[in-house]
Amino acid sequence: NQVNAIAAQTGDLNFRNNASLRVGSADGLAGIVSTAGVDVRLTGTSADLTLQQAVSAGNGAQQQTGVLLAAGRNFINQAGSNAVSTGNGRWLVYSTSPLNDSRGGLAPQFKQYNADTGTAVLDADSGFLYRVAPTVGVALTGAASKTYDGNTDAALGGIGYTVSSGAIDGDTVVVSG
């Protein structure tokens, strides 16, 4: 399919498109309103998903994921903080990178990197999943030494670390161990 705008009031909606798509208004309908689930996936590598109106699903079948929105490239939310909702279950939004998205106040409960629609979701709540896989750099500081004494244990009290690069989108990196 190559549709550039959609608005619907329906039961279960499964929609695939190879181009950018705008969820807007048409024929007196505003956004997507479903009594069941919503699954919209854009397959083109330059296909942006723009929400000008909200997407909501009653998710009457109580599926784990009531709304799944997958942009081929960027997710652009112009519909505000309530742009995606589900009566039961969670919502998931997939795109390439948070650095290129406009979330428009839509607040996730988690973010997952290095993920596409075929990747296992590592959280049960609503969130954003990104194809980008950031690489975090950690640098060791200080010094440690070990005098040979017949055992393999060494004291590492003088060793520390700093996170030198790689965090994106305001993420905080915590190193432990």
Under a 4.5 Å cut-off applied to non-hydrogen side-chain atoms, are [X] and [Y] in contact?
X      : Y      : answer
Val93  : Leu129 : no
Val121 : Leu92  : yes
Phe75  : Leu51  : yes
Tyr113 : Pro98  : yes
Ile159 : Leu140 : yes
Asp101 : Ser95  : yes
Ile168 : Val132 : yes
Ile76  : Arg22  : no

[X] versus [Y], closest heavy-atom pair with distance:
X      : Y      : value
Leu42  : Ala47  : CB-CB, 3.8 Å
Ala7   : Ala26  : CB-N, 3.7 Å
Gly166 : Pro134 : O-CB, 3.5 Å
Ala57  : Val67  : CB-CG2, 3.6 Å
Ala79  : Ala54  : CB-N, 4.0 Å
Ser81  : Gly105 : CB-O, 3.4 Å

So, taking the atom named [atom1] in [X] and the one named [atom2] in [Y], what distance separates them when rounded to the nearest 0.5 Å?
X      : Y      : atom1 : atom2 : value
Leu106 : Leu69  : CG    : CG    : 9.0 Å
Gln9   : Leu29  : CD    : CG    : 6.0 Å
Lys111 : Tyr130 : NZ    : OH    : 6.5 Å
Gln52  : Asn77  : CD    : CG    : 10.5 Å
Thr119 : Asp116 : OG1   : CG    : 4.0 Å

Determine, for [X] against [Y], whether the closest basic-nitrogen to carboxylate-oxygen distance falls under 4.0 angstrom.
X      : Y      : answer
Arg16  : Asp39  : yes
Asp125 : Arg90  : no
Asp169 : Arg103 : yes

(request) Could you go through the side-chain contact (heavy atoms from CB on, under 4.5 Å) check for Arg131 and Asn114 one step at a time? (result) CA-CA 5 Å; Arg131 282 188 290 285; Asn114 197 24; over 6 Å; no
Can you tell me if [X] uses its side chain to pair, donor with acceptor, with the backbone of [Y] under 3.5 Å?
X     : Y      : result
Ser20 : Asp48  : yes
Arg73 : Asn100 : no
Thr86 : Asn88  : yes

(message) Exactly one of Ile32, Val40, Thr50 should register a side chain to side chain contact (heavy atoms under 4.5 Å, CB included) with Val23. Which one does?
(response) Ile32
(request) Kindly indicate, with the supporting measurements, whether the criterion side-chain contact (heavy atoms from CB on, under 4.5 Å) is fulfilled by Thr141 and Tyr161. (result) CA-CA 5 Å; Thr141 60; Tyr161 60 87; 5.6 Å; no
(request) Report the relative orientation of the aromatic rings in Trp91 and Phe128; use parallel for angles under 30°, tilted for 30 to 60°, perpendicular for over 60°. (result) perpendicular
(message) Please evaluate residues Leu68 and Tyr94 with respect to the criterion side-chain contact (heavy atoms from CB on, under 4.5 Å), reporting the C-alpha separation (whole Å), side-chain torsions for both, the decisive distance (0.1 Å), and the verdict.
(response) CA-CA 8 Å; Leu68 186 150; Tyr94 292 82; 3.9 Å; yes
(request) Please answer: with hydrophobic residues joined when any side-chain heavy atoms are less than 4.5 Å apart, are Val136 and Phe110 in the same cluster? (result) no
(request) Mark yes when over 12 heavy atoms from residues, nucleotides or ligands other than Asp149 sit less than 6.0 Å from its CG; otherwise mark no. (result) yes
